[in-house]
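Numbers restart at 1 for each chain; the letters A, B, ... are given by sequence-line order, proteins then strands. Remember, predicted model here, so these are calculated numbers, not experimental data. The figures here come from the full heavy-atom set of this structure, side chains too, leaving out hydrogens, waters and symmetry mates.
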Amino acid sequence: MGSIKLLLEKAHVEGIRYYDVYRREGGYRSVEKALKTMSPETIVEEVKKSGLRGRGGAGFPAGMKWSFIAKPEGVPRHLVCNADESEPGTFKDRYLMEFIPHLLIEGLIVSSFALGSNDTYIYIRGEYAWIVDILEQAIIEAKNNGWLGKNILGSGFDCNIHVQRGAGAYICGEETALIESLEGKRGNPRIKPPFPAVQGLWMRPTVVNNVETLAAVVPIINMGGEEYAKIGVGRSTGTKLISACGNINKPGVYEIDMTISVEEFIYSDEYCGGIANGKRLKACIPGGSSVPILPANLLLKTAKGETRFMNYESLSDGGFASGSMMGSGGFIVLDEDQCVVKNTYTLARFYRHESCGQCSPCREGTGWMEKILWNIESGKGKMSDIDLLWDVQSKIEGNTICPLGDAAAWPVAAAIRHFRDEFEWHITNKEEAQKRNFGLAHYANPIHVPA
Amino acid sequence: MIQFNDTQMAEFKRLVNRYPADKKKSALLPVLHLAQDSFGGWLSTETMDYVAALLEIKPIEVYEVATFYSMYNLKPVGKYMFEVCQTGPCMLRGSDDIIAYINEKLGIKPGETTADGMFTLKTVECLGACGYAPMMQLGKHYKEHLTKQKIDEIIEDCKKAAINNN
Ligand SMILES: Cc1cc2nc3c(=O)[nH]c(=O)nc-3n(C[C@H](O)[C@H](O)[C@H](O)COP(=O)(O)O)c2cc1C
Ligand code: SF4
Ligand code: FES
């Protein structure tokens with residue numbers, strides 16, 4: 001199975017970015033099927049049957065989320081597409097929007113119909129400025145060909161899609177912060193409840209979904225939810241986009257069907273093509289910067305010694321003690337020359353920079369973690385700093401309005417959990433640590449490197 | 001007094017029309033981008049007050065947004081701003097060397113602008129190009145797979161473009 005593609009199959013067809021080619025290749029069939037032969041309720045049912053889980057990071061079942069949307073009489077509802085993509089290591093949504101923008105537009109039309117959204121918004125991170133032009137071009141083409149606007153395909157359903165640029169703030173990927181930002185405010189996450197499904201954009205019922213989630217609605221409608229659910233394994237149905245980066249031979253965006261092993265993903269030429277420059281694998285953050293880092297041995301095999309696979313369940317096998325998470329699919333690989341302390345420091349700096357500052361554990365804690373890590377990294381650390389760092393991260397987790405606090409705490413916790421000796425080495429060998437890296441330690445051996 | 005020209009005003013109207021008539025404020029982020037692009041690459045108090053008047057909101061509502069988001073410049077920046085990503089994945093692929101090289105080549109540290117107002121160096125956090133690292137943003141586009149040689153070329157291109165535009 002391995003190489004089944006539902007989203008990116010056509011991404012490299014010459015000219016697929018433009019409507020005529022996209023349509024010729026079978027595009028917009030799902031809109032015809034949905035608007036002519038299905039009701040909004042049956043679409044939601046199909047998505048439920050497909051087992052599709054949100055691709056933005058949390059993995060919440062999409063169909064279930066849709067069924068929660070409130071339908072008060074006379075109040076407009078909105079679908080909002082989350083294209084804020086700012087979690088370090090993650091660049092899959094960009095790829096999809098850049099190369100096959102009509103797939104997203106197609107998914108948005110079907111999803112808008114299912115949810116009853118006449119005005120649907122794509123909130124895209126501000127730095128993706130050129131992609132805004134690509135999307136707006138695709139929207140104009142779709143409209144000119146009758147897939148958007150009034151009374152689409154004579155169904156009586158009206159829909160317009162608008163693209164709004166953010167302006168540089170990771171926190172606006174959090175759905176309630178995103179809604180605030182869409183309303184022209186600072187990106188401060190809201191306290192829940194009320195949930196967006198009841199009071200979201202302009203206090204109207206709103207569903208926020210990731211780009212990839214909404215694009216996946218297209219194959220689900222085309223092939224039917226049950227068929228879609230047959231791809232993959234267990235509760236990891238369908239295909240997943242993985243953006244792979246770091247010290248590998250072939251960084252890029254790959255579509256996988258979630259039955260392949262982590263080892264195959266890293267070493268096979270079809271995907272990452274092995275570790276760059278003939279080095280050995282040291283560690284990996286498999287699901288975007290906020291998920292726990294794993295040393296090579298725990299990455300390729302679970303603590304029980306079983307093969308680890310690229311799916312939701314297997315990646316989280318062992319919980320935080322010995323596992324990680326699928327997250328957003330941002331797969332960051334570190335080779336033997338990399339420094340875990342430094343890498344963790346850059347991530348701590350990222351979260352401090354991106355904290356909105358509303359809750360003190362997050363605002364103060366992220367600053368502390370950055371400072372302590374900087375001290376250790378630059379040769380000014382004390383042995384007690386490691387426990388202090390552990391203490392600070394443990395006081396953030398679970399004590400904040402939004403999950404950014406957890407996202408900042410987890411990478412630090414996992415780095416200490418699995419690489420404590422590397423932190424200690426930095427502190428006891430201050431000068432040496434400024435000149436060279438710790439390298440591979442006992443935890444990384446034995447690593448099975450296929451020939 | 002600053003004011004959008006006709007083309008900019010048409011764009012302003014297009015942006016505002018995406019939102020319900022009584023939710024004009026929603027257009028604030030895109031309108032600030034437009035204003036920044038239209039009035040010298042940064043947001044002066046005068047510019048922000050103008051935006052507030054156009055959207056019929058209080059100036060403070062504009063200031064609080066302009067100060068929150070990292071893409072709005074609250075002071076003048078160079079004609080060409082090199083925004084180099086320094087987060088983990090880029091660091092793993094050598095972004096530190098790229099930043100040091102630009103520093104050496106242009107004589108500016110992160111946050112500084114060259115005396116002739118041509119270049120600003122800024123370090124930024126992950127821009128969603130981790131697989132094409134090291135990278136930087138230059139205006140509306142990304143420059144990826146950076147090397148020292150590529151930096152040299154980019155600097156030359158900027159200088160040429162500046163001459164041609166004058
Ligand atoms: C700090 C933070 C940042 C987030 N960033 C993103 C993002 O960039 N893109 C995204 O789709 N979801 C992001 N999320 C998750 C969203 O809050 C939300 O769960 C998601 O958009 C729902 O879509 P899905 O169910 O289709 O995954 C983020 C969450 C948090 C807490
Ligand atoms: S956890 Fe951090 S980012 Fe989230 S609301 Fe609190 S301060 Fe803001
Ligand atoms: S870390 Fe530099 S673009 Fe993501």
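The residue among A:Pro251, A:Ala129, A:Gly168 with the most heavy atom pairs within less than 4.5 Å of chain B is A:Gly168. Here A:Gly187 is the residue among A:Ala276, A:Gly246, A:Cys172, A:Gly187 with the most heavy-atom pairs under 4.5 Å with chain B. Ranking A:Ala167, A:Ala169, A:Gly184, A:Gly126 against chain B, the residue ahead of the rest is A:Ala167, based on heavy-atom pairs under 4.5 Å. The candidate with the highest count of non-hydrogen atom pairs below 4.5 Å against chain A, out of B:Gly139, B:Cys85, B:Gly128, B:Gly88, is B:Gly128.
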Below 3.5 Å only, please: all the donor-acceptor pairs between chain B and chain A, one per line.
{"residue": "B:Arg14", "atom": "NH2", "partner": "A:Glu136", "partner atom": "OE1", "Å": "3.3"}
{"residue": "B:Arg18", "atom": "O", "partner": "A:Tyr121", "partner atom": "OH", "Å": "2.6"}
{"residue": "B:Arg18", "atom": "NH1", "partner": "A:Val163", "partner atom": "O", "Å": "2.9"}
{"residue": "B:Arg18", "atom": "NH2", "partner": "A:Glu136", "partner atom": "OE2", "Å": "3.2"}
{"residue": "B:Arg18", "atom": "NH2", "partner": "A:Val163", "partner atom": "O", "Å": "2.9"}
{"residue": "B:Tyr19", "atom": "OH", "partner": "A:Gln164", "partner atom": "OE1", "Å": "2.5"}
{"residue": "B:Ser26", "atom": "OG", "partner": "A:Leu182", "partner atom": "O", "Å": "3.2"}
{"residue": "B:Ser26", "atom": "OG", "partner": "A:Trp202", "partner atom": "NE1", "Å": "3.0"}
{"residue": "B:His33", "atom": "NE2", "partner": "A:Gly166", "partner atom": "O", "Å": "2.7"}
{"residue": "B:Glu64", "atom": "O", "partner": "A:Arg186", "partner atom": "NH1", "Å": "2.9"}
{"residue": "B:Tyr69", "atom": "OH", "partner": "A:Ser181", "partner atom": "OG", "Å": "2.9"}
{"residue": "B:Tyr69", "atom": "OH", "partner": "A:Lys185", "partner atom": "O", "Å": "2.6"}
{"residue": "B:Tyr69", "atom": "OH", "partner": "A:Gly187", "partner atom": "N", "Å": "3.3"}
{"residue": "B:Ser70", "atom": "N", "partner": "A:Ala167", "partner atom": "O", "Å": "3.4"}
{"residue": "B:Ser70", "atom": "N", "partner": "A:Gly168", "partner atom": "O", "Å": "3.1"}
{"residue": "B:Ser70", "atom": "OG", "partner": "A:Gly168", "partner atom": "O", "Å": "3.2"}
{"residue": "B:Met71", "atom": "N", "partner": "A:Ala167", "partner atom": "O", "Å": "2.9"}
{"residue": "B:Gln86", "atom": "O", "partner": "A:Arg349", "partner atom": "NH2", "Å": "2.8"}
{"residue": "B:Gln86", "atom": "OE1", "partner": "A:Arg349", "partner atom": "NH1", "Å": "3.3"}
{"residue": "B:Gly88", "atom": "N", "partner": "A:Thr346", "partner atom": "OG1", "Å": "2.9"}
{"residue": "B:Leu92", "atom": "O", "partner": "A:Asn247", "partner atom": "ND2", "Å": "3.2"}
{"residue": "B:Leu92", "atom": "O", "partner": "A:Gln338", "partner atom": "NE2", "Å": "3.3"}
{"residue": "B:Arg93", "atom": "NH1", "partner": "A:Gly246", "partner atom": "O", "Å": "2.5"}
{"residue": "B:Arg93", "atom": "NH1", "partner": "A:Ile248", "partner atom": "O", "Å": "3.3"}
{"residue": "B:Asp96", "atom": "OD2", "partner": "A:Lys342", "partner atom": "NZ", "Å": "2.3"}
{"residue": "B:Glu125", "atom": "OE2", "partner": "A:Arg349", "partner atom": "NE", "Å": "3.0"}
{"residue": "B:Cys126", "atom": "O", "partner": "A:Arg125", "partner atom": "NH1", "Å": "3.3"}
{"residue": "B:Cys126", "atom": "O", "partner": "A:Arg125", "partner atom": "NH2", "Å": "2.9"}
{"residue": "B:Gly128", "atom": "O", "partner": "A:Arg94", "partner atom": "NH1", "Å": "3.1"}
{"residue": "B:Lys140", "atom": "NZ", "partner": "A:Asp133", "partner atom": "OD2", "Å": "2.6"}
{"residue": "B:Glu144", "atom": "OE2", "partner": "A:Arg94", "partner atom": "NH1", "Å": "3.0"}
{"residue": "B:Glu144", "atom": "OE2", "partner": "A:Arg94", "partner atom": "NH2", "Å": "2.9"}

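Nearest heavy-atom pair across B:Cys130 and A:Cys245 is O-CB, 3.5 Å. A:Pro88 and B:Cys126 make their closest contact through CA-SG, 3.5 Å (heavy atoms, listed as atom of the first residue, atom of the second, distance).
Of the two parts of B:Ala133, neither the backbone nor the side chain holds a non-hydrogen atom closer than 4.5 Å to a non-hydrogen atom of chain A. Only the side chain of A:Ile171 has a heavy atom closer than 4.5 Å to any heavy atom of chain B. There is no contact between A:Val132 and chain B, counting heavy-atom distances below 4.5 Å.
B:Phe12 meets the ring pair (Phe, Tyr, Trp, His ring centres under 6.0 Å) test with no other residue; sequence neighbours excluded. In this view, B:Lys109 satisfies the salt bridge (charged side-chain N to carboxylate O under 4.0 Å, His left out) rule with no residue, not counting sequence neighbours. Listed by chain and residue number, A:Ala244, A:Ile248, A:Phe265 satisfy the side chain to side chain contact (heavy atoms under 4.5 Å, CB included) test with A:Cys272 (two or more places apart in sequence, or in another chain).
Other residues, nucleotides and ligands place no more than 12 heavy atoms under 6.0 Å from the CG atom of B:Asp6.
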Q: For side chain to side chain contact (heavy atoms under 4.5 Å, CB included), just list the numbers for B:Phe68 and A:Cys356, CA-CA rounded to whole Å, side-chain angles, deciding distance to a tenth of an Å, and then say yes or no.
A: CA-CA 8 Å; B:Phe68 184 84; A:Cys356 84; 4.1 Å; yes
